[in-house]
Each structure stands twice: as C-alpha cells, then as structure tokens.
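Each remark here refers to the structure printed beneath this line.
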Number of protein chains: 2
Amino acid sequence: MNSTDPIQIATQRTPRGPIPTKPVGATFADLLQMSGVPVDPSGTAARTPLTLRKVHAGERLVHEGAPANAIFFVCAGTFKVFRTDEDGYEQVLAFALRSEVLGFDALCMASYPVAISALEESAVYVIPRCDIPRLCEVLPAFGLMLQRSGSITLARSRELVDIMAAVASEVRLARFLIRHSRRMADCGQSPLRFLLRMGRRELSSLLGVAHETVSRSFTTLSALDLIRVSVREVEILDMDRLGAFARSTRRPMDAPVLVRTRTPADRTPTQRRHAPSRSLAA
Amino acid sequence: MNSTDPIQIATQRTPRGPIPTKPVGATFADLLQMSGVPVDPSGTAARTPLTLRKVHAGERLVHEGAPANAIFFVCAGTFKVFRTDEDGYEQVLAFALRSEVLGFDALCMASYPVAISALEESAVYVIPRCDIPRLCEVLPAFGLMLQRSGSITLARSRELVDIMAAVASEVRLARFLIRHSRRMADCGQSPLRFLLRMGRRELSSLLGVAHETVSRSFTTLSALDLIRVSVREVEILDMDRLGAFARSTRRPMDAPVLVRTRTPADRTPTQRRHAPSRSLAA
DNA sequence: CGCTGTCTTGAACTGTCTCAACCATGGTGG
DNA sequence: CCACCATGGTTGAGACAGTTCAAGACAGCG
C-alpha cells in the first residue's frame, strides 16, 4: 500500500502523508478533554503542542514487529488491532474507537506486538514514546490519563475474553453488538442504529467463529426480531431482549422471555458452558 | 511450605526475599527492583514504605464489584483472576505470577470488575489507589513502572485472546503451556518442569473448553511425547515440537504459502485440522 | 459489462459438549 | 488400620453446533 517501508511511524514525515496542520495545531488540552479530563484552557496542557495524523481507510498505522516508538489516541474513525500468523490468518484482537489508546501494549517491549490499520478515514494523536517520561512530569494529568486509558483497554480486552469464552455463536454476536452499541453511545453516536465498519470476516475473527457462522448468527438474531440487519447496517430493535439473550447461559428447558413462536431456529440460546459446578453455585 | 508435596520444584522462589516482612518492612525499592527497574538503594524509593499482605491459598484478594481502592503487585505465589456469571459459572480471565499487577483494570472505574483469589500461599504489595497520583509525582519511576506493568498485563490478555481465538483444543493447551513455561522462566523457575497451580476446571475455563476436553488434550499431548503429565505436574519433553504443534494451524505438510491466489487470506478462523495421532507426530 | 470481493445460504462432516461411569487421592472417623 | 466419603481427574458414547466445502446473490469498480 503505502510504501515498502514497514517501519513507518508518525514521528517521521511520511512522504505521502498529508499531515494536516490545523489552523491552530492540536494541543494536549484536546487530548485530555477527549478523554474526559477537565482541563484549564490556559494551562500547560493547552500550550503543549500535539501531533495529529490522518490515517486513510485501509492504511496501516503500525506494523506488527515494527519498532514501537510512539503511542496513539484515536481522534476519529475506527481501527482494527490484529495479528497475522505465519500462515496468513488474521486474528483480530480489538476494534478501537474514538478516545482509545493504541500501542499501549507496546510500552513494555521494543516493538509493536500487533498491527493496527484504519477501517475508515481516521485520525490519531501521536505521542512519541521518548516524550512520555518528560510529559508525565510536566503534565501529571497526562500520566494519569494514560494509566486510565490503558486500564480501559485492558478492561475491554477482558470483555472480549468474556465474549469468546464459551458461548454459542449467536450469543457471542449478541454480546458483541451490545458492547459495540455502548461504545457507539460513548462516542456520541446512536446506540441503536449504526454501521459496522468491519466485514464479516474480521468480525468472525474477533468472535472466534467461521465467517459463515457470523452470517447465520445475524440471520438468527434477525429472525428473533432482536435486530434488523442489512449487510453492515445494524439496528437494535429490542435492547432488553437482546440483553437477555446475550446473558442467556444454558438450560434448554426454560426459555422465559425470548423465544418466539415461529422462528426457523427455534432452539434456545444454547450456550454451552460447562456445568456450573453446583458446589460453588450453591 | 508443607513438605508433604512430592514435587516442590516450583514456588521456592523469593531468593533471599523473606516474605514475612523484614525488620524494617518493605519499601518501593523492593517493588521497583522486582519489576526490573534499577533502583538507588538510598533514594526516595528505598525510604518510602510499602505494605505487604499475605494471602492464603483459596483466599480472595478482591471481590467482584467491591470498591476498588487499591492495586496490588504479586510478590509471591499465584493468583486467579475471574468473573462469575449470575448462573454461577466461573470465567477465568488470567493467572497472575510474581511481579504482575492486579487490579489495573479497575483504575478506570469505581469498583473491581473481577474477583481475584490466591491459588496457593501468596503475598502482594498493596498500593492504595488514593496514593497513586502523589506517588507518581514523588516517584516518577513508579508511574512509569505502573504503565509498564499495565502494558504487560494487556499484552498477556491479548495473548490469551490469541489462544482462545479459534483453534483445536490440544493446540490451545499447547499454547497455554508454552506461554506458562515462559512465565515460569521469568519467575526464575524451571520452564520445562513445573507444577500447575490450577485445576482442570479452572484451566478449561481459561481455554474456553470443557474440562473433560482439557483432560483429553493432556492425554493427547502426552501420547505425542510432547509432554509428560501426572495430574498437575507437567514436564515439557520437546519444546521445539511442542512449539511447532502450538503453531500448527492446519496441515503442516503442504504449505503453498507463496501463491496468493486463494490460499492465504481465504482461510477461515478455525485452524482445527490435525489428525489425532499422525499428522504432526509422524 | 464482466470481474472481484463480500455476504448469504445449503448440505455433509466432525470436533467438542454433555452425560455418565470410573479411578485415584486424601481426609475423617469408627 | 481400614471403610467411607469428598474431591478432582480420566475415560467412554451419543448428540448437536459449528466448521467445511460448494454454490449462488449482490454490489462496487475498472
């Protein structure tokens, strides 16, 4: 795509990278504000300049294995965090929306353990890694914000484990949709009707199922009137029942709230967890 | 500490680290040193006291949903990080060994999103959450160390996603064992022969399979002479082949990887392909 | 317009879950 | 000292969900 250079971090001027210089360049005040930190409009943060980099749809922000000399905060758009095996299979690890930190997991090593690419026209704030110690001293709020962002990312990653753990495919999808809905809301967009930026295959990788299964799961959720789906456009019709479905664990006998009468796949959610070890449950 | 254990290869760590508190008590110098940060033995860190807390086997360090007013660093022992659904099912999210941070994912919220309990006699350094901002200013090395620890935790969590993603159960187990082996080495213990601190059920939860399947997978790996296993004692017989097995995605024999007509990108998430007894072994 | 990639749907195969019995260990107490 | 139970691990057999292979629908694009 971009160039043959795998090491192409924002710190270096990219030839074709039209680094957009806003009339007034971005500052750390913008970053802190985006992350929900109250900020003094005339304080140090507002006087500390910050690089903004645009990333085009499909473009890679970081390459797996490239020297990790910057971290990023998503300013706009959607990113895909993934790793590719030697056999070429892409394992998606996360999708990142506005205000999320990218590259945090590289702080403990020399090179990025994952690749990151943009799913649409996007932009990130760039923070050179070597600046971090100084920034933390000069701008304590930044250090704390960075901790917080990392914490959020970790919590998200654990949510994902939760999703993938041991659950029927439709339930996985339902859980993903709910989680995604919440994140859309956090970004100020409609939580009930949104456009998925990723394809079925990328989604299937995240959920840990075959892409055909994702397709079928969408169909099933539609048939249950929980959502309406047109390719990548999703509308959540009944968040409560969708939540109940997503929470559904096992127990094929009782189907209290959610079974419809005529559905083609009229089976219960069937989430095959292992027996909850009654000793513990009781 | 009971000498009844037939195999005690593990856990004898803490070189000269008297867990039962030194006369003076632990300081941040101990913590920083444990995390690999060079530390001035007469600096601020060495003069800042630090609480050490022992946690008995089976005891809970934090409860899910409890107010998150501290983070911890594992000083000795093994911990289990998990969430329990409303149906009583325990979803294990991670195991934590020495020098790992616990509760980092709570920094972005008011209460712990997970429960943490000790799998054996253990100990942690306790850092009250309200102290963190001050500590970061007084002891910049601590702030950076905290970032690093969080980063490591995130990287581990992504490793886990990688494991659980979409892979045959034996491969999942193999990947876990390799990863665990590396961590044991990081703790100064033998990477080839160790005692698992968790039961089959807890392991199965982490790997996202039924506990019976974990049992069978152990048997399979043994039958392939990759490991030797006696209940919870594991010995890795051939790390190279185990690695190849863990990396095995699909047929190891033919790999027309260079043609990009339809082979590489077309692969589906699941890489469960390998005959039980002969594909890789032969 | 045909091409290419994505998405959907169909049908057969198979790995894993589930249920179940069985075995090993350790603790308890008669 | 041994019967007994509790816990955790192993193993077997059937059923089903999901993968896999294959084909068709559809939209975007040179």
Side-chain angles (χ1 to χ4, degrees), chain A residues 57-58 89 119 164-173 196-205 207-223 229-234 249-253 264-280, chain B residues 2 4-6 58 89 119 164-173 196-205 207-223 229-234 249-251 260-276 279:
Chain A
Y89 172 70
L119 292 177
M164 291 185 21
V167 140
S169 60
E170 302 93 348
V171 178
R172 291 189 194 203
L173 179 58
L196 295 175
R197 280 5 240 240
M198 70 295 292
R200 292 287 187 270
R201 193 177 297 274
E202 294 161 315
L203 198 44
S204 75
S205 175
L207 300 180
V209 296
H211 72 276
E212 296 97 330
T213 303
V214 174
S215 242
R216 289 184 237 271
S217 297
F218 268 115
T219 306
T220 302
L221 293 186
S222 296
V229 139
S230 160
V231 196
R232 295 195 183 184
E233 196 183 338
V234 175
T249 59
R250 44 211 233 69
R251 184 97 93 302
M253 44 264 276
D266 189 49
R267 59 188 175 75
T268 33
T270 29
Q271 162 171 353
R272 67 321 213 11
R273 303 224 131 154
H274 337 124
S277 136
R278 63 245 178 217
S279 54
L280 268 175
Chain B
N2 46 358
T4 61
D5 262 6
Y89 173 72
L119 292 177
M164 289 184 24
V167 125
S169 60
E170 301 92 349
V171 178
R172 291 190 194 203
L173 179 58
L196 295 175
R197 280 2 238 235
M198 69 295 292
R200 293 287 188 269
R201 194 175 296 272
E202 294 161 315
L203 197 45
S204 75
S205 176
L207 299 181
V209 297
H211 70 276
E212 297 96 329
T213 304
V214 174
S215 239
R216 289 183 238 269
S217 299
F218 267 116
T219 306
T220 303
L221 293 186
S222 296
V229 70
S230 157
V231 197
R232 294 195 184 184
E233 191 191 342
V234 175
T249 55
R250 43 189 41 268
R251 284 133 6 128
R260 57 163 312 175
T261 45
R262 66 201 319 272
T263 325
D266 227 31
R267 291 331 322 191
T268 37
T270 43
Q271 320 157 336
R272 33 187 56 140
R273 171 82 303 168
H274 94 272
S279 67

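- Taking atom CD of residue A:Glu212 and atom C1' of nucleotide C:dT6, one finds them 12 Å apart after rounding to whole Å.
- The residue among B:Arg216 and A:Arg216 whose nearest nucleotide of DNA chain C lies closer to the 5′ end is A:Arg216.
- Judged by distance alone, with hydrogens and angles left aside, the side-chain atoms of A:Arg197 form no donor-acceptor pair with the main-chain N or O of A:Leu119 at under 3.5 Å.
- Rounded to a whole Å, the CE atom of B:Met198 is 11 Å from the P atom of D:dG9.
- Within the 4.0 Å cut-off from OP1 or OP2 of D:dG18, at least one side-chain nitrogen or oxygen of A:Ser169 is found.
- Atom NE2 in B:His211 sits about 12 Å away from atom C1' in D:dT7, given to the nearest Å.
- Between B:Thr219 and D:dT11 there is a side-chain polar atom (N or O) within less than 4.0 angstrom of OP1 or OP2.
- Put simply, A:Arg232 has a side-chain N or O that comes within less than 4.0 Å of OP1 or OP2 on C:dC7.
- Side chain of B:Ser215 to backbone of B:His211: no donor-acceptor contact under 3.5 angstrom is found.
- The two atoms that bring B:Glu170 and B:Ser217 nearest to each other are N-OG, 3.7 Å, heavy atoms only.
- Between the CZ atom of B:Arg201 and the C1' atom of D:dT7 there is a distance of 10 Å, given to the nearest Å.
- The phosphate of D:dT10 has OP1 or OP2 within less than 4.0 Å of a side-chain N or O from B:Arg200.
- An OP1 or OP2 oxygen of C:dT16 is reached within less than 4.0 angstrom by no side-chain nitrogen or oxygen of B:Thr213.
- A distance of 11.5 Å separates CZ in A:Arg172 from CG in A:Leu203, rounded to the nearest 0.5 Å.
- What separates CZ of B:Phe218 from P of C:dC23 is a distance of 22 Å, to the nearest Å.
- Summarising the geometry of A:Leu173 relative to A:Phe218, their closest heavy-atom pair is CD2-N, 3.6 Å, with the distance given to 0.1 Å.
- The CG atom of B:Leu207 sits 19 Å away from the P atom of C:dG15 (whole-angstrom rounding).
- Across the protein-nucleic acid pair, A:Met164 atom CE and D:dG18 atom C1' stand 15 Å apart, rounded to whole Å.
- We find that CZ of B:Arg197 is positioned 16 Å from P of D:dG8, with the value rounded to whole Å.
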